[in-house]
Amino acid sequence: MGSMSLPRSTILAEPAWRPSRKATMLWALENTIGVVVLFVALAVWAVLDGDHRGWQVLAGLAIAALAVIGVVVIPAWRYAVHRWEVTDEAVYTRVGWLDQESRVAPISRVQTVDTERGPLERMLGLATVTVTTASSAGAVKISALDLPVAEETVLRLTAIAAQHRGDAT
């Protein structure tokens with residue numbers, strides 16, 4: 001039996017664009033918050049229970065190791081993987097650092113395009129573009145974009161989707 005070969009035009013290309021370079025800072029800050037919570041819990045444990053110093057030191061070392069992984073390794077890995085692209089036909093995304101997900105949302109299925117900015121994103125001048133489609137898989141999110149890029153992407157998607165009105169099923 002021979003292998004099935006698809007025409008080159010039907011093979012999904014990797015999305016072309018990366019998030020903002022500041023995405024690594026955003027993800028590192030988000031993970032830092034979790035690490036700080038763990039260190040505070042460890043400090044409370046150490047103050048309230050002085051009989052388990054060995055376990056507390058071990059827990060501190062484990063949290064420190066998690067901090068290095070969460071604040072240095074994971075953001076860099078996520079940046080290496082995350083991609084997105086908008087064409088006249090579809091919105092393409094690839095996300096994940098361990099479990100990777102690729103999504104294609106045809107422009108004809110786009111219902112709304114929104115911009116979200118949490119406190120850390122606002123501080124870093126970033127935004128997330130959410131493309132809601134008529135899909136049971138849910139919205140497609142393009143995270144950690146520089147604000148001007150996010151705004152331009154929303155305008156472009158809105159204009160492209162307006163040209164396709166009436167095509168959705």
Side-chain angles (χ1 to χ4, degrees), residues 12 14-86 90-105 109-158:
L12 178 62
E14 179 176 287
W17 307 319
R18 292 180 183 261
S20 169
R21 193 67 183 126
K22 294 182 276 185
T24 55
M25 177 64 71
L26 173 67
W27 297 325
L29 286 171
E30 290 172 342
N31 292 344
T32 298
I33 292 168
V35 168
V36 167
V37 168
L38 290 174
F39 271 121
V40 168
L42 178 61
V44 169
W45 179 28
V47 168
L48 296 177
D49 182 6
D51 295 335
H52 294 94
R53 292 290 181 231
W55 287 108
Q56 292 164 353
V57 168
L58 187 60
L61 292 173
I63 294 169
L66 285 173
V68 170
I69 292 168
V71 175
V72 178
V73 176
I74 291 173
W77 191 339
R78 282 180 72 180
Y79 185 78
V81 170
H82 277 59
R83 297 280 189 284
W84 69 282
E85 186 172 0
V86 173
V91 178
Y92 302 89
T93 62
R94 187 181 70 195
V95 298
W97 64 276
L98 190 55
D99 183 25
Q100 294 180 9
E101 175 186 77
S102 293
R103 300 270 310 268
V104 178
R109 307 283 288 183
V110 171
Q111 294 178 329
T112 63
V113 182
D114 303 302
T115 304
E116 303 171 49
R117 299 184 73 212
L120 293 176
E121 286 177 309
R122 286 193 308 269
M123 184 177 78
L124 294 170
L126 300 174
T128 295
V129 173
T130 302
V131 181
T132 306
T133 65
S135 166
S136 61
V140 174
K141 290 190 177 234
I142 307 169
S143 61
L145 300 180
D146 286 313
L147 183 57
V149 173
E151 290 170 341
E152 180 182 319
T153 300
V154 168
L155 290 173
R156 181 164 185 241
L157 275 168
T158 302

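All of these numbers come straight from a predicted model, not from anything done at the bench. Just so it is clear, the values below take in all heavy atoms, side chains as well, and ignore hydrogens, waters and symmetry mates.
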Heavy atoms of Asn31 and Gly70 approach each other most closely as ND2-O, 2.5 Å

Quick one, Glu30 and Leu120 - any side-chain contact, counting heavy atoms below 4.5 Å? yes

Taken to the nearest 0.5 Å, the spacing of Ile63 CD1 from Gln56 CD works out to 10.5 Å

What one should report as the nearest heavy-atom pair of Ala90 and Val104 is CB-CG1, 3.8 Å

- Should Arg117 and Leu147 be marked as a side-chain contact (heavy atoms from CB on, under 4.5 Å) after you check the CA-CA gap, both sets of side-chain angles, and the distance that decides it? CA-CA 9 Å; Arg117 299 184 73 212; Leu147 183 57; 3.7 Å; yes

ask   = Is the shortest heavy-atom distance from the side chain of Thr153 to the side chain of Trp84 under 4.5 Å?
value = yes

- Do Leu124 and Glu121 have side-chain heavy atoms sitting under 4.5 Å apart? no

Quiz item: With under 30° as parallel and over 60° as perpendicular, where do the rings of Trp27 and His82 fit, or are they tilted in between?
Solution: tilted

Heavy atoms of Pro19 and Ser143 approach each other most closely as CB-O, 3.6 Å

| said: If you define the side chain from C-beta out and look only at heavy atoms, does anything of Leu145 sit under 4.5 Å from Thr128? | reply: no

Here the gap from Thr93 atom OG1 to Glu101 atom CD, rounded to the nearest 0.5 Å, amounts to 6.5 Å

d(Leu157 CG, Ile142 CD1) to nearest 0.5 Å is 6.5 Å

| Is the side chain of Arg53 donor-acceptor paired with the backbone N or O of Ala46 at a distance under 3.5 Å, no angle test? | yes

Practice task
Check whether any side-chain N or O of Arg94 sits under 3.5 Å from a backbone N or O of Pro15 as a donor-acceptor pair, and report yes or no.
Solution key: no

Self-check item: Heavy atoms of other groups near Trp55 CH2, more than 12 under 6.0 Å
Solution: no

Applying side-chain hydrogen bond (donor to acceptor under 3.5 Å, both in side chains) to Thr115 and not counting sequence neighbours gives none

With sequence neighbours left out, the residues meeting salt bridge (charged side-chain N to carboxylate O under 4.0 Å, His left out) with Arg83 are Glu14

Quiz item: Do Leu29 and Val71 come close enough that some side-chain heavy atom pair is under 4.5 Å?
Solution: no

d(Gln111 CD, Thr133 OG1) to nearest 0.5 Å is 6.5 Å

For residues Thr130 and Thr132, determine if any side-chain heavy atom of one lies less than 4.5 Å from a side-chain heavy atom of the other. yes

Taking CD in Glu152 as the centre, count heavy atoms belonging to other residues, nucleotides or ligands within less than 6.0 Å. Is the count above 12? no

Worksheet entry | Pairwise side-chain contact, Tyr92 with Val86, heavy-atom cut-off 4.5 Å (strictly under) | no

Item to complete: State, with a plain yes or no, whether a side-chain heavy atom of Asp146 is found less than 4.5 Å away from one of Leu126.
Response: yes

On a heavy-atom basis, the closest approach of Tyr79 and Arg18 is O-NH1, 3.1 Å

